[in-house]
*Asks:* 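I have a structure I would like to understand better, so I am pasting it below and will then ask my questions one at a time.
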Amino acid sequence: MPTLEIDRDAQVKPSTSRGVDLRLEVIVIPVSDVDRAKAFYARLGWRLDADFDSGDDWRVIQFTPPGSACSVIFGRNVTAAVPGSVRGLYLIVSDLEAARQDLLDRGIEVSASFHGAGDVHAGTDEPYLFGSVRVNGADPERGSYSSFAAFSDPDGNGWLFQEVTTRLPGRIAGDGTTFASQAALAAALRRAAAAHGEHEKRTGGHDESWADWYADYIVREQAGQPLPA
């Protein structure tokens with residue numbers, strides 16, 4: 001049988017042409033008690049999109065997190081996966097502590113914030129993007145992608161908040177800047193305001209074009225491009 005040789009040093013460039021869009025819109029999670037799961041996800045404040053059933057044979061429920069283009073589905077006879085077996089479901093937030101406090105206010109148990117332990121990937125903690133070791137508290141540098149918090153649904157399906165304030169280069173096109181919520185936009189404006197304050201200190205005067213500077217900063221930040229000086 002012929003073998004396929006892969007050049008691991010080859011650089012694969014993403015396509016810049018518009019082909020067929022592939023939009024991830026649904027994730028199926030396995031639950032043991034449909035009504036209990038429905039009550040839990042409703043408590044989270046997520047939007048209930050559907051609840052269809054055909055007696056004891058089949059039922060499907062769909063919820064969508066605020067600001068998300070992707071929904072979750074669970075029900076009866078919609079997946080053969082073991083209830084509670086899904087882990088590593090990431091919810092991206094611009095303000096980790098605000099997201100945690102929202103769950104606490106709703107009576108939902110959520111972990112304290114944590115970050116990774118550098119290159120150490122060992123321990124008894126459940127693995128996540130940065131390995132297995134969870135260090136208490138948000139990332140000291142408050143780096144984008146680096147701070148987390150965790151919670152689970154009643155079956156044990158595992159969710160994580162991940163704080164992302166600046167996207168890595170190429171993740172978002174500069175001409176497609178969008179915000180998932182009013183809170184995310186407000187957080188971006190606060191970061192732009194702080195950066196602009198430093199800009200005015202350097203220039204030694206009021207910037208009449210502050211609105212253009214803000215806009216440039218926010219678009220560049222979300223697209224992962226170099227920020228204005």
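Computed from heavy atoms alone, side chains included, the values below leave out hydrogens, waters and symmetry copies. Since we're looking at a predicted model, the values are computed, not measured.
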*Asks:* Should Cys70 and Glu25 count as side-chain neighbours, where that means a heavy-atom distance under 4.5 Å?
*Replies:*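 No, too far: nothing below the 4.5 Å cut-off.
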*Asks:* Kindly state whether the ring of Phe148 and the ring of Tyr128 have centres lying under 6.0 angstrom apart.
*Replies:*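 Ring centres of Tyr128 and Phe148 closer than 6.0 Å.
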*Asks:* Please round to the nearest 0.5 Å and tell me the distance separating atom CD of Gln162 and atom CG of Leu91.
*Replies:*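 Reported to 0.5 Å precision, the distance equals 10.5 Å.
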*Asks:* Side-chain contact, heavy-atom cut-off 4.5 Å: Phe161 with Ile92?
*Replies:* no
*Asks:* Is any side-chain heavy atom of Val72 closer than 4.5 Å to a side-chain heavy atom of Trp46?
*Replies:* yes
*Asks:* Which pairs, with at least one residue in residues 129-152 and sequence neighbours excluded, count as a salt bridge (Lys or Arg N to Asp or Glu O under 4.0 Å)?
*Replies:*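 Found Arg142-Glu163.
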*Asks:* Does the side chain of Asp51 reach to within under 4.5 Å of the side chain of Arg59, using non-hydrogen atoms?
*Replies:*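 In contact.
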*Asks:* Taking salt bridge (Lys or Arg N to Asp or Glu O under 4.0 Å) as the test, write out the residues that go with Arg47, two or more places apart.
*Replies:* Asp49
*Asks:* Enumerate the residue pairs fulfilling salt bridge (Lys or Arg N to Asp or Glu O under 4.0 Å) with a member in residues 211-220, sequence neighbours excluded, ordered by first and then second residue.
*Replies:*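 Listed once each, the pairs are Asp216-Arg220.
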*Asks:* Check for a donor-acceptor pair, side chain of Ser111 on one end and backbone N or O of Ala150 on the other, with a separation under 3.5 Å.
*Replies:*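 Yes: the side chain of Ser111 pairs with the backbone of Ala150.
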*Asks:* Checking Gln101 now: which residues fulfil side-chain hydrogen bond (donor to acceptor under 3.5 Å, both in side chains) with it, not counting sequence neighbours?
*Replies:*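 So Gln101 forms a side-chain hydrogen bond (donor to acceptor under 3.5 Å, both in side chains) with Asp105.
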*Asks:* side-chain contact (heavy atoms from CB on, under 4.5 Å) with Leu89: which residues, sequence neighbours excluded?
*Replies:*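 Partners of Leu89 by the side-chain contact (heavy atoms from CB on, under 4.5 Å) criterion, ordered by chain and then number, come out as Ile27, Ile29, Val86, Trp159.
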*Asks:* If you measure from OG1 on Thr64 to CG on Leu48, what distance do you get to the nearest 0.5 Å?
*Replies:* 9.0 Å
*Asks:* Is there a path of hydrophobic side-chain contacts, each under 4.5 Å between heavy atoms of I, L, V, M, F, W or Y residues, that connects Val164 with Val110?
*Replies:* no
*Asks:* Apply salt bridge (Lys or Arg N to Asp or Glu O under 4.0 Å) to Glu126 and list each qualifying residue two or more places apart in sequence or on a separate chain.
*Replies:* Arg87
*Asks:* When rounded to the nearest 0.5 angstrom, what distance separates OH in Tyr145 from CG in Leu129?
*Replies:*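 Atom-to-atom, Tyr145:OH and Leu129:CG are 11.0 Å apart.
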*Asks:* Between Phe40 and Pro154, which heavy-atom pair has the shortest distance, and what is it?
*Replies:*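 Smallest interatomic distance, heavy atoms only, reads CG-CD, 3.5 Å.
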*Asks:* Can you sort out the partners of Ser113 under side-chain hydrogen bond (donor to acceptor under 3.5 Å, both in side chains), two or more places apart, ordered by chain and number?
*Replies:* Glu97
*Asks:* Decide whether Ser144 and Thr166 meet the rule of one side-chain donor and one side-chain acceptor closer than 3.5 Å.
*Replies:*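 No, because no side-chain N or O of Ser144 sits under 3.5 Å from a partner of the opposite role on Thr166.
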*Asks:* Any chance the side chains of Asp125 and Ser132 put a donor and an acceptor closer than 3.5 Å?
*Replies:*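 Side chains of Asp125 and Ser132: no pair found under 3.5 Å.
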*Asks:* Enter the distance from Trp210:CH2 to His199:NE2 here, rounded to the nearest 0.5 Å.
*Replies:* 13.0 Å
*Asks:* I need the Leu227 CG to Ile218 CD1 distance, nearest 0.5 Å.
*Replies:*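 Interatomic distance, Leu227 CG to Ile218 CD1, rounded to 0.5 Å: 11.0 Å.
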*Asks:* Measure the spacing between CZ of Phe114 and OG of Ser146 and express it to the nearest 0.5 Å.
*Replies:* 12.0 Å
*Asks:* Mind jotting down which residue pairs meet the ring-ring contact (aromatic ring centres under 6.0 Å, His included) criterion with at least one end in residues 84-108? Sequence neighbours excluded, please.
*Replies:* none
*Asks:* Tell me whether Phe151 is reachable from Leu160 by hopping between hydrophobic residues (I, L, V, M, F, W, Y) whose side-chain heavy atoms are closer than 4.5 Å.
*Replies:* no
*Asks:* Closest heavy-atom contact between Ala187 and Ser94?
*Replies:*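 So the two residues come closest at CB-OG, 4.0 Å.
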*Asks:* Check whether any side-chain heavy atom of Thr79 sits under 4.5 Å from a side-chain heavy atom of Phe74, and report yes or no.
*Replies:* no
*Asks:* Applying side chain to side chain donor-acceptor pair (under 3.5 Å), which residue pairs with at least one partner in residues 187-198 are found, sequence neighbours left out?
*Replies:*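 Qualifying pairs: Arg191-Glu221, His196-Asp207, Glu198-Lys201.
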*Asks:* Looking at Val82 and Ser85, what are the two nearest heavy atoms and their distance?
*Replies:* O-OG, 2.6 Å
*Asks:* Clusters formed by hydrophobic residues whose side-chain heavy atoms approach within less than 4.5 Å: which one holds Val28, and what are its other members?
*Replies:* Val26, Phe52, Trp58, Val60, Ile73, Val78
*Asks:* Can Val93 be reached from Phe130 by stepping across I, L, V, M, F, W or Y side chains whose heavy atoms are under 4.5 Å apart?
*Replies:* no
*Asks:* Mind listing the closest non-hydrogen atom pair of Gln62 and Ser71 along with its distance?
*Replies:*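 Scanning both residues completely, I find the closest heavy atoms to be NE2-OG, 3.4 Å.
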*Asks:* Is Asp153 paired with Arg36 through a side-chain N to carboxylate O contact shorter than 4.0 Å?
*Replies:* no
*Asks:* Who passes salt bridge (Lys or Arg N to Asp or Glu O under 4.0 Å) against Asp57, sequence neighbours left out?
*Replies:*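 Listed in chain order: nothing, the list is empty.
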*Asks:* So, Asp155 side chain and Val31 main chain: donor-acceptor pair closer than 3.5 Å or not?
*Replies:* no
*Asks:* Side-chain contact, heavy-atom cut-off 4.5 Å: Pro30 with Asn157?
*Replies:*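 SC-SC contact between Pro30 and Asn157 confirmed.
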*Asks:* With a 3.5 Å distance limit and no angle check, can you tell me whether His115 reaches the backbone of Pro140 through a side-chain donor-acceptor pair?
*Replies:*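 The answer is no, because no donor-acceptor pair under 3.5 Å joins these two groups.
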*Asks:* Any salt bridge (Lys or Arg N to Asp or Glu O under 4.0 Å) pairs touching residues 73-84, not counting sequence neighbours?
*Replies:*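 Matches after skipping sequence neighbours: none remain.
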